[in-house]
Amino acid sequence: MSETKAKGEMHGCIVCGKLYQLLVAYDSNGKYIGSKVMSAGGKEVPGTNRPLVACEKHSDKAIERAVARVYGKQDQDED
């Protein structure tokens, strides 16, 4: 049976670096499951298989460019 572990982590906005508090869930093997942004003004960056956050004020295009710049093109089927 898989046990889920959650912990609080600080992450910077992928575009500008502003810090946000996240509650991040990992499975018993340490694999990322999901996260929730606990700080006001931030939103989760979906489809990256890692805990990423961005400011709500940034456009989706700006977020996509920042993710591509830092991590390369994202494969949606990546495990």
Counting N and O atoms only, with roles assigned by atom type, does the side chain of Asp27 sit under 3.5 Å from a partner on the main chain of Asn29, one being a donor and the other an acceptor?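 Checked: pair present.
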Approximate separation, where rounding is to 0.5 Å, of Leu22 CG and Glu9 CD: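 Atom-to-atom, Leu22:CG and Glu9:CD are 7.5 Å apart.
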Spatial distance of atom OG (Ser35) from atom NE2 (His11) [nearest 0.5 Å]: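 It comes to 7.5 Å.
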Is there a donor-acceptor contact under 3.5 Å linking the side chains of Glu56 and His58?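 Glu56 vs His58: no donor-acceptor pair found between side chains.
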Just wondering, do Lys36 and Glu44 contact through their side chains at under 4.5 Å, heavy atoms?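 With C-beta onward as the side chain, the pair stays apart.
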Are the side chains of Val45 and Val67 in touch, meaning some heavy atoms are under 4.5 Å apart?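 Yes. Closest side-chain heavy atoms under 4.5 Å.
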Name of the residue among Val53, Thr48, Ile63 meeting side-chain contact (heavy atoms from CB on, under 4.5 Å) with Ile14: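 So, applying the side-chain contact (heavy atoms from CB on, under 4.5 Å) to Ile14 and each of Val53, Thr48, Ile63, only Ile63 qualifies.
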Shortest non-hydrogen contact from [X] to [Y]?
{"X": "Cys55", "Y": "Tyr20", "result": "SG-OH, 3.0 Å"}
{"X": "Ala25", "Y": "Thr4", "result": "CB-CG2, 4.1 Å"}
{"X": "Gly30", "Y": "Tyr26", "result": "O-CD2, 3.4 Å"}

Under 4.0 Å between a Lys/Arg side-chain N and an Asp/Glu carboxylate O for Lys43 and Asp60?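 Counted as a salt bridge, because a side-chain N and a carboxylate O are separated by less than 4.0 Å.
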ILVMFWY cluster, Val37 and Tyr32 together (side-chain gap under 4.5 Å):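 Yes, same cluster.
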Hydrophobic cluster membership, Val15 vs Tyr71, 4.5 Å side-chain cutoff: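 Cluster IDs for Val15 and Tyr71 match.
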